[in-house]
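Following: one structure in structure tokens, then a few remarks.
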Amino acid sequence: MDSPIKKRKCSTERSWHIRASTTAKNTNNPIRRIVDGMKLTPNPEKKMIALSIGDPTVFGNLPPAKEVEDAVIEMVRDGHHNGYAPAIGFEASRAAVAKHFSIPEAPLTSKDVVFTSGCSAALDHCITVLANPGENILIPRPGFSLYKTLADSLGIGIKHYNLIPEKHWEVDLKHLESLVDNKTRAIVVNNPSNPCGSVYSKEHIKDILGVAERNTLPVIADEVYAFMVFPGQTFYSVASQSTDVPVLSCGGLTKRFLVPGYRMGWVLIHDRNEIFEEEVRSGLINLSQRILGPNTLVQGALEKILTTIPQEFFDRICTSFQRNAELSFSLLSQIRGLTPVMPYGAMYMMIGIDMGCFPGIKDDLDFVERLVTEQSVFCLPGRCFQYPSFFRIVLTLPEDHIHTACERIAEFCESHYYRVNGL
């Protein structure tokens, strides 16, 4: 006799149809979508040079400071940081971050610091705490694609405000203000910038804050590249220039300390007139409780990481980026059809393509794909940053790689350049 279970299976036919959530369906990273769909077959006769990867550790020429390694190893050995931390992070570690970033114009205490799993999670917290589905935030164009990824997944609208390449990627203030409506909840400002490498003056930051103040909008400041500016430049945080506009500053160890894999990020709450006190502070704490924050070993090591690394380490890194930027700018400026925009910080450069000079190439995506196929040089097309007819390169490579890559780009452009009467 068949068992009841077997009879039940035989007598009941079911079809499985399990759907992904709306959040999952709405989540996509433009860079991953574009790059994964590209036809990338390098020239087998030339070694691949990737000018596309925003990870300063990839080429092995930029190791972290020994003080970072020593501090983390000490935490491993002392055995006191193997358990869970409070959702917003260890008190002593948050106090160390507050002390490191506190200035008279923008003082901080430990209660103003919320730890997150990298700066990406900090941005996620800030967008989520300030906007609801159907509302919108203003983000830069060109700009880091994650802003759109995070907002889209939550059903939050995005509006792109223009940056002006002829003004070293300053914000088009009139365009920014024209985008504000009754559903706008925040302005995202990225300084220093990915992908542009721009560094804003204090006057320009004040102008941006003027737009925010007139429209009672808080600012989400993506400052993960804070202090990563070339010699002769000065970094001014958004909060340092604000007297009335509340600011949520997102940062972390990722880039400046050359340890993106540590996933150590934070939100710095720069409140003004206790505007964030009623709901936003508690909202950030609530969000931090969804998934516990960064690695506790790194949290424990933070105080020494922030206080023992000599300034010479950071100066050397920024000088190397400046040297690569100047070399790239000099070489690429000589190529017909290309217009590089000189950066002043971070680790990127944007290069304009005069598509009319290359009639056989359809667009920036086609340009980048062919550059890989013919010259084994991989750059990111401008459309990854909502900015067609440009491409982005990174400046973290060894200098000889930069030189070789630029020579190959020159050869590629010359072979595709439109000629009249052989000229």
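Positions are given from 1, in the same order as the sequence printed here.
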Sidechain-backbone polar pair: Asp366 side chain, Ile361 backbone, donor-acceptor under 3.5 Å: no
Shortest non-hydrogen separation from Leu51 to Cys379 and the atoms involved: CD1-SG, 4.0 Å
Would you call Asp172 and Lys167 a salt bridge, taking side-chain N to carboxylate O under 4.0 Å as the test? no
Does Thr41 use its side chain to pair, donor to acceptor, with the backbone of Thr373 at less than 3.5 Å? no
What distance separates Asp364 CG from Arg383 CZ, expressed to the nearest 0.5 Å? 5.0 Å
Distance in Å, Leu302 CG paired with Leu253 CG, rounded so as to fall on 0.5 Å steps: 5.5 Å
Between Arg141 and Tyr161, is NZ or CZ placed under 6.0 angstrom from the six-membered ring centre and within 45° of the ring axis? no
What's the shortest heavy-atom distance between Met355 and Ser389, and which atoms? CG-OG, 3.7 Å
Do Arg214 and Glu177 have side-chain heavy atoms sitting under 4.5 Å apart? yes
Starting from the C-alpha separation in whole Å, work towards a yes-or-no answer on side-chain hydrogen bond (donor to acceptor under 3.5 Å, both in side chains) for Asp181 and Asn136. CA-CA 9 Å; Asp181 61 25; Asn136 66 74; 3.1 Å; yes
Report yes if the side chains of Arg263 and Ser120 come closer than 4.5 Å at any heavy-atom pair, otherwise no. yes
How many angstroms lie between atom CG of Leu146 and atom CG of Asn190, to the nearest 0.5 angstrom? 11.0 Å
Donor-acceptor pair, side chain of Asp55 and main chain of Thr57, under 3.5 angstrom: yes
Considering residues, nucleotides and ligands other than Lys46, do more than 12 of their heavy atoms fall under 6.0 Å from its NZ? yes
Modelled atom types, side-chain donor and acceptor of Asn191 and Tyr225, under 3.5 Å: no
Correct closest heavy-atom pair for Glu213 and Asp244 would be OE2-OD2, 3.1 Å
Heavy-atom check, side chain of Val259 versus side chain of Thr254, under 4.5 Å: no
Residue pair Arg94 / Ser110: nearest heavy atoms and the distance that separates them: NH1-O, 2.6 Å
Inter-residue atom distance Met347.CE - Leu258.CG, 0.5 Å rounding: 8.5 Å
Can a donor-acceptor pair be found, under 3.5 Å and without considering hydrogens, that links the side chain of Thr128 to the backbone of His125? no
Under a plain distance cut-off of 3.5 Å, with no hydrogens placed, do Arg19 and His17 share a side-chain donor-acceptor pair? yes
For the residue pair Ser282 and Glu278, what are the closest heavy atoms and their distance? OG-O, 4.2 Å
Below 6.0 angstrom between ring centroids: does that apply to Trp169 and Tyr200? no
Inspect the surroundings of CD in Gln311 and state if more than 12 heavy atoms from other residues, nucleotides or ligands are less than 6.0 Å away. yes
Assess the side chains of Thr23 and Asn26: does a donor N or O sit below 3.5 Å from an acceptor N or O? no
With the threshold set at 4.0 Å, does a side-chain nitrogen-carboxylate oxygen contact exist between Glu69 and Lys66? no
Restricting to pairs with a member in residues 292-320, which pass salt bridge (Lys or Arg N to Asp or Glu O under 4.0 Å), not counting sequence neighbours? Glu74-Lys304
The reported gap from CG in Leu332 to OG1 in Thr339 (rounded to nearest 0.5 angstrom) is 10.5 Å
Is there a donor-acceptor pair closer than 3.5 Å between any side-chain N or O of Arg272 and the backbone N or O of Val247? no
Can you check side chain to side chain contact (heavy atoms under 4.5 Å, CB included) on Phe358 and Cys413, steps first, answer last? CA-CA 8 Å; Phe358 309 103; Cys413 289; 3.9 Å; yes
Phe59 side chain near Ile53 side chain, heavy-atom distance below 4.5 Å: no
In this structure, is the centre-to-centre distance between the rings of Phe367 and Phe412 below 6.0 Å? yes
Under 3.5 Å, is there a donor-acceptor pair between the side chain of Ser333 and the main chain of Ser330? no
For the residue pair Phe115 and Ser93, establish whether any side-chain heavy-atom pair is separated by less than 4.5 Å. yes
Donor-acceptor pair, side chain of Asp271 and main chain of Phe276, under 3.5 angstrom: yes
Min side-chain heavy-atom separation Gln299-Pro294 under 4.5 Å: yes
Which residue in the set Ser242, Pro246, Cys126 passes side-chain contact (heavy atoms from CB on, under 4.5 Å) when paired with Pro218? Pro246
Less than 4.5 Å apart, any side-chain heavy atom of Met48 and any of Val372? yes
Are the aromatic ring centres of Phe235 and Phe227 under 6.0 angstrom apart? yes
Donor-acceptor pair, distance only, cut-off 3.5 Å: does the side chain of Ser52 make one with the backbone of Leu380? no
Worked verdict on Gln241 versus Ile205 for side chain to side chain contact (heavy atoms under 4.5 Å, CB included): CA-CA 7 Å; Gln241 304 305 308; Ile205 293 172; 3.9 Å; yes
Keeping Ser145 on the side-chain end and Asn29 on the backbone end, is there a donor-acceptor pair under 3.5 Å? no
Could you check Phe257 against Phe314 for ring pair (Phe, Tyr, Trp, His ring centres under 6.0 Å), going step by step and ending with a plain yes or no? CA-CA 8 Å; Phe257 292 82; Phe314 302 111; 5.2 Å; yes
Working for side chain to side chain contact (heavy atoms under 4.5 Å, CB included), residues Ile156 and Leu150: CA-CA 8 Å; Ile156 296 168; Leu150 297 174; over 6 Å; no
Glu135 with Arg185: basic N within carboxylate O range, under 4.0 Å: yes
If you compare all heavy atoms of Arg281 against all heavy atoms of Asp112, which two are closest, and at what distance to 0.1 Å? NH2-OD1, 2.7 Å
When you check the side-chain N and O atoms of Glu399 and His403, is any donor under 3.5 Å from an acceptor? no
Would you say Ile103 has more than 12 foreign heavy atoms packed within less than 6.0 Å of its CD1? yes
Any side-chain heavy atom of Leu395 sitting closer than 4.5 Å to one from Pro343? yes
Is it the case that atom NZ in Lys99 sees more than 12 heavy atoms from other parts of the structure closer than 6.0 Å? no
Chi angles and distances behind the side chain to side chain contact (heavy atoms under 4.5 Å, CB included) call for Ile309, Val68: CA-CA 8 Å; Ile309 301 175; Val68 173; 3.5 Å; yes
Say whether, by atom type as modelled, one donor and one acceptor occur between the side chain of His175 and the main chain of Asn162 under 3.5 angstrom. yes
Hey, could you give me the CD1/CG distance between Ile88 and Leu292, rounded to the nearest 0.5 Å? 11.5 Å
Between the side chains of Glu105 and Ser240, is a donor N or O closer than 3.5 angstrom to an acceptor N or O? no
